[in-house]
Every structure is written in structure tokens, then in C-alpha cells.
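The structure under discussion appears below in the form of C-alpha cells.
All heavy atoms count here, side chains included; hydrogens, waters and symmetry mates do not. To find a chain, count down the sequence lines: A is the first, B the second, and so on, and within it residues start at 1. No experiment lies behind these values; they were computed from the predicted model shown.
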There are 2 protein chains.
Amino acid sequence: MQYICNVFQPAMSQSAASAPNPLLQLENQLCFPLYAVSRLVTKAYQPLLEELELTYPQYLVLLLLWEHGELSVKGLGERLLLDSGTLTPLLKRLEQRGLVSRRRDARDERSVRIGLQPAGEALRHKATCIPEALMAKFQLSPAEFEALRGQLNHLLTQLS
Amino acid sequence: MQYICNVFQPAMSQSAASAPNPLLQLENQLCFPLYAVSRLVTKAYQPLLEELELTYPQYLVLLLLWEHGELSVKGLGERLLLDSGTLTPLLKRLEQRGLVSRRRDARDERSVRIGLQPAGEALRHKATCIPEALMAKFQLSPAEFEALRGQLNHLLTQLS
DNA sequence: GCCAATTAAATTGTGTGCAATATAATTTTA
DNA sequence: TAAAATTATATTGCACACAATTTAATTGGC
């Protein structure tokens, strides 16, 4: 592994005596606000998801199932960028609660099809208002919202 | 808990027959690209941090210690938006590896001061190139980079 | 000074994420 | 078609995150 050290100095603040490299400061990086905002957004969902007794990743899985009806573990993983090590236990918990069903695909026994049980389908109505409630917490104008969404999707393409 | 269901329809694509509410689609939300990009960025760090045998949150802690020299667990937690339930075990692992020191503050025995051991200080040189190596992976122009950083920091303020 | 309230860490328990490995089914290839 | 390669999940182990609780130290009010 080898990479070059030079070029491109962003707006810097020479604060601490022991920080000769402003690029190593949290303030000047993209990664930290990304990491922190992502966790804060998950936390912003929590009071809304608590009513449905769902975690945020569980909610994402249900969003996909509400939209597509049925998906394989692989299909869920491709869309959420999660692997079976994360999804399998998560799906088993949803199955135990009677929200989703898991059964081997008859045409390809390697594949496990995830479907919605009635209780999981019913949760959809309760979830209808969540996206807008979240947007309200962001306090972003539609233009800001779309700009940020566009940039993140661009970076998502770049990295995946 | 009560919130209002209406208003503001973003660009929608009526794809699946079973999705009457486009706001419930992953595509149209801000939260998912945020969540996915955050994880992908952490993954992009990994080959670089592997050389230092650090995880991404451990790297963030060291960034702060390199900049500030010494901080309490509370100080680290305020800056990283992490609590002691996350930081205590993480710091103990760094201590066991001889990278940081943990000792009670003599003036306030409730507080634990985290400092750098020589090995932890030495890692700083190896880390110098990481921020730029990461930026290269993003493939963003300086203008795009600054725009995204600004928007995320704005949202960070909004949510914290 | 004494006691209640506050504060800082640590602990406990649950749920992700994800690398690495294992297992079983399917497809490819010689 | 039998062996090899590939594919889809499951399992294991480790490290976060974070809510909730506990413990110990400090502060504030009287």
C-alpha cells in the first residue's frame, strides 16, 4: 500500500499547539460529520420507531418488503449493502415476532425468501407518517434536502 | 406522540405495484444514503487503518488525542458524540495495547484522563497520509467536498 | 457540616456490522 | 456425468453503539 502526501489544503484553523497537520483534525474532515450525522439520524428515528418496536435496520428491511412484497436475503443485502451476517439474525428476530416469514426457495434451495406476515404488512400503516416526521426534524428546505440527497447518492455510487 | 401526514412530495417513481406511498421508498429518503455512505466510508478507511491495527472509532479517538494531547472520557465523548458505554471498552483496548494511558484526575476523582503513550504518539506519523488517501477515494472536487462537508455540518448542528 | 442532587465512569444487556469460515445447493467444465 | 468452481445462507467471533442501571465523587442548599 502506497499513497502520496501532498497538495490540497482546505480551510484550516491552527488551534492546538500539538497539531501541525490540519488535515488530521476532526474539524476538517468529511468522515466525522458523516459518521456523526448518520448516528444522530438513526437516533432521530428512534422515538418514532419505538412505537412499532423496530430498530432502524429492521425498519429498512420492512420498507423494502412493503415495496417489493417478497425478497431473498441476497436481494435485501444488495439493496441495503448488508451481508447475511447482519441480516440473518435480524430476520430471525423479525420472524420470531411474527412480522416476516422465511422459507427456502423451492426452485433454488440455496436461497431464502423473506415475505411479510399479516402483522408485518399491518405495520405499514403505522409507518406512513415516519418519513415526513423525520424530514421535519432535519429542518432543511426542499432544495437543501434534494442537494444533500443528490450528493450522498453520488458518493454512494463512487464508493460502492 | 403526534405528527402530521401531508405536504411535500419529492421526485417520485411509481415502480412497484404495492407501493402507494413513495415517501416510504428507500430511493426517496435521505436516511438511507447517509447510513450506507457512512458505512462505506468506514470501510474505505479500513485498508489504511489496518496498517496501524486501528478501527475507525479508535482512529477518531487518536485524532483527538494527537490534537489535544490529553482529554477526559467526557471530553472525548462530547466531541465524538459517544458515551462511556462505547468509549470505556474501546479505551481499555487501546490501553492494553500500550497506545493510551488512563488515570483518574487528581483534582476530580470522578474523571478519567486519557493521554498518549509513546507508541500512541508515534502512530501519528504513520497516520499523516490517511486523510488525503481517503479524499482520493471519494473522487470529489474540492468544491463538492466543501459543499458536502458544509451541509453535513449544518445538519449536525440541527440534530445535536 | 450534612444531605440531596448532580456528575463522571463503569457495567450490563441487546442489536447491529462485518470479516472469516463453514455448509449445502447449483452450475460449469473437463 | 463426476469433479471443480460458484453461489446463497448460516455461523462464529469481535468491536462498536446505546439504553438503562450502578457506583463513586463532587457540589449546592440549608
Looking at [X] and [Y], does any basic side-chain N land under 4.0 Å from a carboxylate oxygen?
{"X": "B:E146", "Y": "B:R149", "value": "yes"}
{"X": "A:R103", "Y": "A:E70", "value": "yes"}
{"X": "A:E109", "Y": "A:R104", "value": "no"}

Task: Closest approach of B:L159 to A:F138 (non-hydrogen atoms, all atoms of both residues) - done: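 Between these two residues, the closest heavy atoms are CD2-CD2, 4.1 Å.
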Please enumerate all protein N or O atoms sitting under 3.5 Å from an N or O of nucleotides 2-7 of chain D, with distances to 0.1 Å.
| residue | atom | partner | partner atom | Å |
| --- | --- | --- | --- | --- |
| D:dT7 | O4' | A:R110 | NH1 | 3.4 |
| D:dT7 | O2 | A:R110 | NH1 | 3.2 |

[X] [atom1] to [N] [atom2]: how many Å, rounded?
{"X": "B:L60", "N": "D:dC16", "atom1": "CG", "atom2": "P", "value": "11 Å"}
{"X": "B:D105", "N": "C:dT7", "atom1": "CG", "atom2": "C1'", "value": "14 Å"}
{"X": "A:R102", "N": "D:dT9", "atom1": "CZ", "atom2": "C1'", "value": "9 Å"}
{"X": "A:Y45", "N": "D:dC18", "atom1": "OH", "atom2": "P", "value": "16 Å"}
{"X": "B:L87", "N": "D:dA19", "atom1": "CG", "atom2": "C1'", "value": "15 Å"}
{"X": "A:R103", "N": "D:dA8", "atom1": "CZ", "atom2": "C1'", "value": "16 Å"}
{"X": "B:D108", "N": "D:dT26", "atom1": "CG", "atom2": "P", "value": "5 Å"}
{"X": "B:L91", "N": "C:dA9", "atom1": "CG", "atom2": "P", "value": "10 Å"}

- [ ] Evaluate side-chain contact (heavy atoms from CB on, under 4.5 Å) for B:Q25 paired with A:L63, printing each intermediate quantity in order.
- [x] CA-CA 7 Å; B:Q25 289 177 237; A:L63 279 184; over 6 Å; no
Task: Letter per nucleotide, 5' to 3', of nucleotides 13-22 of chain C [B base touched, S only sugar-phosphate touched, - untouched; heavy atoms, 4.0 Å] - done: --SSBBB---
Task: Side chain B:E144, main chain B:S141, donor-acceptor under 3.5 Å - done: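 Yes: the side chain of B:E144 pairs with the backbone of B:S141.
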Open item on the list: Tell me if a side-chain donor or acceptor on B:T86 pairs with a main-chain N or O of B:L82 at a distance below 3.5 Å.
Closed with: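 Checking the backbone N and O of B:L82 against the side chain of B:T86, no donor-acceptor pair under 3.5 Å is found.
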Task: Derivation of the side-chain contact (heavy atoms from CB on, under 4.5 Å) call for B:L148 and A:L148 - done: CA-CA 7 Å; B:L148 185 49; A:L148 184 50; 3.6 Å; yes
Open item on the list: Side-chain N or O of B:S111 versus OP1/OP2 of C:dA9: is the shortest distance under 4.0 Å?
Closed with: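 Answer is yes, contact under 4.0 Å.
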TODO: Remember a base hit wins even if backbone is also touched, and classify A:R104 as base, sugar-phosphate or nothing at under 4.0 Å, heavy atoms.
DONE: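 Sugar-phosphate, no base atom in range.
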- [ ] Mind running side-chain contact (heavy atoms from CB on, under 4.5 Å) on B:L123 and B:W66 for me, showing each step along the way?
- [x] CA-CA 9 Å; B:L123 267 192; B:W66 290 329; 3.8 Å; yes
Open item on the list: Checking contacts here: which listed nucleotide (D:dA10, C:dA10, D:dT26) is nearest the side-chain heavy atoms of B:E109?
Closed with: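 Nearest listed nucleotide: D:dT26.
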Open item on the list: As a test of reading the structure: which of C:dA10, C:dT26, D:dA10 is closest to the side chain of B:K92, going by heavy atoms?
Closed with: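 Of the candidates, C:dA10 comes closest.
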